[in-house]
Amino acid sequence: MNQKINKINKKLRKKLDKERYEHTLGVMYTASALAMCHNADIEQALLAGLLHDCAKCIPNDKKIKLCRRNRLEISDVELKNPSLLHAKLGALMAKKKYHVEDYEVLCAIESHTTGKPAMTLLEKIIYIADYIEPGRDELPNMAEVRKLAFRDIDECLRRMLKDSLAYLKSRNLPIDKMTEKTYYYYKKC
Ligand code: DGI
Ligand code: FE
Ligand code: FE
């Protein structure tokens with residue numbers, strides 16, 4: 001690990017529980033492997049992977065408070081499921097607390113939970129790495145999705161989005177507008 005990543009890693013470790021920290025390392029290394037495969041910047045992938053869940057372990061009521069204090073918009077679905085806020089709050093904290101200035105890295109952190117239409121390569125890499133990292137509980141079609149991530153990144157997104165929406169519907173969870181938009185965008189792509 002280079003010095004910058006190492007410094008952030010040490011600081012971040014104290015803010016996450018053991019499971020989340022292990023998941024974070026899994027996402028960081030999976031993102032760097034995907035960057036190697038798809039000719040993306042490895043350093044950006046490591047940094048975005050490392051910080052993608054930096055706000056995950058903040059209690060939900062504090063997440064709402066922090067969003068309001070920093071004038072980050074909260075949708076109805078987010079208000080009902082404040083955990084979703086860890087993505088936009090994570091981008092804010094990456095900038096303010098971990099001094100990340102790379103706009104592309106901040107965007108990849110911000111969109112890692114719902115995805116968004118027309119994602120950059122780095123955004124796709126983080127969105128996918130979060131889903132396929134080796135420590136992730138087995139999800140439907142995981143072996144196939146993992147292979148696709150290295151073979152056909154947009155087809156991988158389509159499969160992931162289809163399975164994620166089916167999962168949310170099966171559990172009767174409200175679907176965030178952005179999750180839905182992302183799904184329809186990549187379905188048509
Ligand atoms: O933070 P992680 O657990 O590593 O992963 P994540 O940031 O992708 O968050 C996953 C959770 O987000 C998972 O429990 C499903 C939920 N999620 C994603 N999109 C939506 C959603 N939950 C609701 N209610 N609506 C969505 O559109
Ligand atoms: Fe997350
Ligand atoms: Fe994650």
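All figures in this text were calculated on a predicted structure; none of them were measured in a lab. Indexing begins at 1, ligand by ligand and atom by atom, following the structure's order.
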Trainee: Is a side-chain N or O of Arg136 found less than 3.5 angstrom from the main chain of Asp130, in a donor-acceptor match?
Mentor: yes
Trainee: Give the total of protein N/O/S atoms at a distance below 2.8 Å from the Fe ion (ligand 3).
Mentor: 4
Trainee: Does any N or O in the side chain of Lys187 come within less than 3.5 Å of the main-chain N or O of Leu161, such that one atom is a donor and the other an acceptor?
Mentor: no
Trainee: At a 4.0 Å cut-off, with the gap strictly under it, does some heavy atom of Glu180 reach an atom of ligand 1?
Mentor: no
Trainee: If I apply the N/O under 3.5 Å rule, does His52 come out as touching ligand 1?
Mentor: no
Trainee: Looking at Arg136, which atoms of ligand 1 are within less than 4.0 Å of one of its heavy atoms?
Mentor: 2 (P), 3 (O), 4 (O), 5 (O)
Trainee: Should you measure from each heavy atom of Thr179, which atoms of ligand 1 turn up under 4.0 Å away?
Mentor: 19 (N), 20 (C), 26 (C), 27 (O)
Trainee: When Lys116 is tested against each of Glu180, Glu110, Glu123 for salt bridge (charged side-chain N to carboxylate O under 4.0 Å, His left out), which residue passes?
Mentor: Glu123
Trainee: According to a 4.5 Å side-chain heavy-atom criterion applied to Ile, Leu, Val, Met, Phe, Trp and Tyr, with indirect links allowed, do Ile5 and Leu106 form part of one hydrophobic cluster?
Mentor: yes
Trainee: So which heavy atom on Ala55 is nearest to which on Met93, and how close?
Mentor: CB-SD, 3.9 Å
Trainee: If you measure from the Lys or Arg side-chain nitrogens to the Asp or Glu carboxylate oxygens, is any gap between Asp176 and Lys181 under 4.0 Å?
Mentor: no
Trainee: Taking only heavy atoms of His23 into account, list the atoms of ligand 1 that are under 4.0 Å away from them.
Mentor: 4 (O)
Trainee: Which atoms of ligand 1 have any heavy atom of Asp176 under 4.0 Å away?
Mentor: 25 (N), 26 (C), 27 (O)
Trainee: To the nearest 0.5 Å, how far apart are CG in Leu16 and CZ in Arg13?
Mentor: 10.0 Å
Trainee: Before signing off on this row, confirm whether Thr114 and ligand 1 have an N or O atom pair separated by under 3.5 Å.
Mentor: no
Trainee: Identify, by atom number and element, the atoms of ligand 1 in contact range of Lys56, meaning under 4.0 Å from any of its heavy atoms.
Mentor: 1 (O), 2 (P), 3 (O)
Trainee: Identify, by atom number and element, the atoms of ligand 1 in contact range of His86, meaning under 4.0 Å from any of its heavy atoms.
Mentor: 1 (O), 7 (O)
Trainee: From the options Leu168, Thr182, Thr113, select the one whose nearest heavy atom is closest to atom 20 (C) of ligand 1.
Mentor: Leu168
Trainee: Considering both backbone and side-chain atoms of Pro174, is one of its nitrogen or oxygen atoms within less than 3.5 Å of a nitrogen or oxygen in ligand 1?
Mentor: yes
Trainee: The criterion is salt bridge (Lys or Arg N to Asp or Glu O under 4.0 Å); which residues satisfy it with Glu155, sequence neighbours excluded?
Mentor: Arg158
Trainee: Heavy-atom contact check, 4.0 Å cutoff: does Arg20 meet ligand 1?
Mentor: yes
Trainee: Between Ala91 and Ile109, which heavy-atom pair has the shortest distance, and what is it?
Mentor: N-CG2, 3.5 Å
Trainee: Which heavy atom in Leu121 sits nearest to a heavy atom in Ala40, and how many Å separate them?
Mentor: CD2-CB, 3.7 Å
Trainee: Under 4.0 Å from a heavy atom of His112: give me the atoms of ligand 1 that qualify, with their elements.
Mentor: 7 (O)
Trainee: Using only atom types and a distance under 3.5 Å, with no angle test, would you say the side chain of Lys63 pairs donor to acceptor with the backbone of Ile58?
Mentor: yes
Trainee: Just to confirm my output: which protein heavy-atom neighbour is closest to atom 21 (C) of ligand 1, and how far is it?
Mentor: Leu84 CD2, 3.6 Å
Trainee: With a 3.5 Å cut-off and no angle check, do the side chains of His52 and His86 form a donor-acceptor pair?
Mentor: no
Trainee: Go through ligand 1 atom by atom and flag the ones less than 4.0 Å from a non-hydrogen atom of Ile175.
Mentor: 25 (N), 27 (O)
Trainee: Among side-chain atoms of Asp53 and Tyr21, is any donor-acceptor pair under 3.5 angstrom?
Mentor: no
Trainee: Centre of Tyr98's six-membered ring, under 6.0 Å away, within 45 degrees of the axis: is that where NZ or CZ of Lys11 sits?
Mentor: yes
Trainee: Check His86 and report its N/O/S atom nearest to the Fe ion (ligand 2), by atom name.
Mentor: NE2
